[in-house]
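Worksheet for the structure shown next.
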Amino acid sequence: GLEYLFGATDRQKNFTAFWAHDRRAEAEAFAGFIDFAMGIIESDPTAHIYHYANYEVAALSRMATRHGIREKQVGDLIASGRMIDLLKVVTGSLVIGKPSYSIKKLEDYYDFGRGAEVTNAKSSMDEYERYSQLKVIGDPEADAVLAEIGVYNKEDCISTEGLYNWL
């Protein structure tokens, strides 16, 4: 139930990660991400946040409610149409010869290759659990596990931009 990573990339593929390892840090990471996003939108009124599927909107809404912060900003992001769900665009406009509309299935079309050891959201959660256990016992491998989760999240962000450009 912990939102341990809010990640974003810009058009130059610079990755910004907001990590949380407990509820207090979750609130700080959430606030940091919202402030980051609102700062970009304030500097560029044409900016949007592109994501794939509804998880991001649901998570941001849940975090605003859980922590009682940034509720107006999240509401404004959603109501203003600044958050663009590319899954809706894909399913509303394309028929693909794949078993699902997972972004990973679409990556063949826009020639995106992944290199992260973490390969999907479930393995990211499993690896975060492993990181947490390693951190408790002071295992130096913990930092490498966390870094791989970050690589996976960065690749997801870059893939989303790749899909946007392909569309």
Side-chain angles (χ1 to χ4, degrees), residues 1-11 13-92 100-104 106 116 118-136 142-143 145-164 167:
L2 180 71
E3 295 293 339
Y4 53 86
L5 174 57
F6 298 85
T9 53
D10 60 19
R11 296 281 183 174
K13 298 177 182 45
N14 298 311
F15 181 63
T16 303
F18 300 87
W19 290 98
H21 305 300
D22 58 37
R23 286 285 182 228
R24 180 193 55 75
E26 180 186 66
E28 292 172 4
F30 165 69
F33 172 77
I34 294 299
D35 293 348
F36 171 81
M38 297 308 291
I40 290 171
I41 288 169
E42 287 171 13
S43 68
D44 179 0
T46 66
H48 289 80
I49 298 171
Y50 295 92
H51 59 96
Y52 198 78
N54 192 51
Y55 185 84
E56 287 77 5
V57 170
L60 293 178
S61 297
R62 188 172 53 255
M63 293 299 97
T65 300
R66 175 182 290 165
H67 298 292
I69 58 174
R70 307 300 192 273
E71 293 165 298
K72 180 182 181 330
Q73 292 90 339
V74 170
D76 289 348
L77 282 172
I78 295 168
S80 68
R82 296 273 187 179
M83 299 200 58
I84 308 295
D85 183 353
L86 293 180
L87 175 60
K88 289 181 182 178
V89 175
V90 168
T91 58
S100 79
Y101 281 86
S102 160
I103 195 166
K104 282 124 182 120
L106 293 169
V118 176
T119 59
N120 58 50
K122 172 76 169 92
S123 65
S124 174
M125 291 184 285
D126 291 344
E127 286 299 288
Y128 188 79
E129 180 63 28
R130 186 164 80 95
Y131 157 78
S132 297
Q133 293 170 356
L134 293 170
K135 196 71 172 173
V136 166
D143 291 337
V145 171
L146 197 65
E148 271 303 309
I149 295 167
V151 170
Y152 165 74
N153 190 259
K154 179 179 180 179
E155 285 183 351
D156 262 2
C157 293
I158 293 170
S159 178
T160 302
E161 181 183 356
L163 174 60
Y164 168 84
L167 291 169

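With Tyr52 contributing its side chain and Cys157 its backbone, the two residues share no donor-acceptor pair below 3.5 Å. In terms of modelled atom types and a separation under 3.5 Å, the side chain of His48 and the main chain of Thr46 share a donor-acceptor contact.
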Next item on the list: For Arg70 and Asp35, run side-chain contact (heavy atoms from CB on, under 4.5 Å): C-alpha distance rounded to whole Å, both residues' side-chain angles, the deciding distance at 0.1 Å, then the answer.
Entry: CA-CA 9 Å; Arg70 307 300 192 273; Asp35 293 348; 2.8 Å; yes

Next item on the list: Using the side-chain contact (heavy atoms from CB on, under 4.5 Å) rule, take Leu106 and Val90 through it: C-alpha gap first, then chi angles, then the decisive distance, then the call.
Entry: CA-CA 9 Å; Leu106 293 169; Val90 168; 3.9 Å; yes

Next item on the list: In sequence, state the C-alpha distance, the side-chain angles, and the governing distance for Arg66 and Glu26, and then conclude on salt bridge (charged side-chain N to carboxylate O under 4.0 Å, His left out).
Entry: CA-CA 10 Å; Arg66 175 182 290 165; Glu26 180 186 66; 3.0 Å; yes

Check: salt bridge (charged side-chain N to carboxylate O under 4.0 Å, His left out) between Asp76 and Arg82: does it pass, once the steps are laid out?
Finding: CA-CA 8 Å; Asp76 289 348; Arg82 296 273 187 179; over 6 Å; no

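By the 4.5 Å heavy-atom criterion applied to side chains, Phe33 and Leu60 are counted as neighbours. Contact of the Ile149 side chain with the Trp19 side chain is registered, since non-hydrogen atoms from C-beta on lie closer than 4.5 Å. Residues Ile158 and Phe15 have side chains not in contact (no heavy-atom distance under 4.5 Å, counting atoms from C-beta outward). Considering only heavy atoms from C-beta on, Asp10 stays 4.5 Å or farther from Glu161 through its side chain. Using a 4.5 Å heavy-atom cutoff, the side chains of Tyr4 and Met125 are in contact. Counting heavy atoms from C-beta outward, His51 and Ile84 have side chains that stay 4.5 Å or more apart. Taking the side chain as every heavy atom from C-beta outward, Asp156 and Tyr152 approach each other to under 4.5 Å. Side-chain contact check for Ile34 versus Leu77: some heavy-atom pair is nearer than 4.5 Å.
Taking every heavy atom of both residues into account, Ala47 and Ile40 meet most closely at CB-CG2, 4.1 Å. In terms of heavy-atom proximity, Ser123 sits nearest to Val118 at OG-CG1, 3.4 Å. Closest approach of Ala8 to Phe36, counting heavy atoms only: CB-CE2, 3.8 Å. Of all the heavy atoms in Leu87 and Ala53, the pair that sits closest is CB-N, 3.6 Å. Minimum heavy-atom separation, Ala27 to Ile69: O-CD1, 3.6 Å. Taking all atoms of both residues into account, the shortest heavy-atom contact from Gly7 to Asn153 is CA-OD1, 3.2 Å.
Note: Thr160 OG1 to Glu155 CD = 11.5 Å, rounded to the nearest 0.5 Å. Between the CG atom of Leu86 and the CG atom of Leu163 there is a distance of 5.0 Å, given to the nearest 0.5 Å. Rounding to the nearest 0.5 angstrom, the gap separating the CZ atom in Phe6 from the CD atom in Glu28 is 12.0 Å. Put simply, CD on Glu148 and CG on Asp143 are 13.0 Å apart, with the number rounded to the nearest 0.5 Å. One finds the NZ atom of Lys13 at 10.0 Å from the NZ atom of Lys154 (value rounded to the nearest 0.5 Å). Note: Met63 CE to Glu71 CD = 12.0 Å, rounded to the nearest 0.5 Å.
The six-membered or imidazole ring of Tyr128 lies near that of Tyr131, with a centre-to-centre distance under 6.0 Å.
In summary, of the residues considered (His21, Glu127, Arg130), a side chain to side chain contact (heavy atoms under 4.5 Å, CB included) with Leu146 occurs for His21 alone.
The side-chain tip of Arg62 points at the ring of Tyr55 from less than 6.0 angstrom away and within 45° of straight on.
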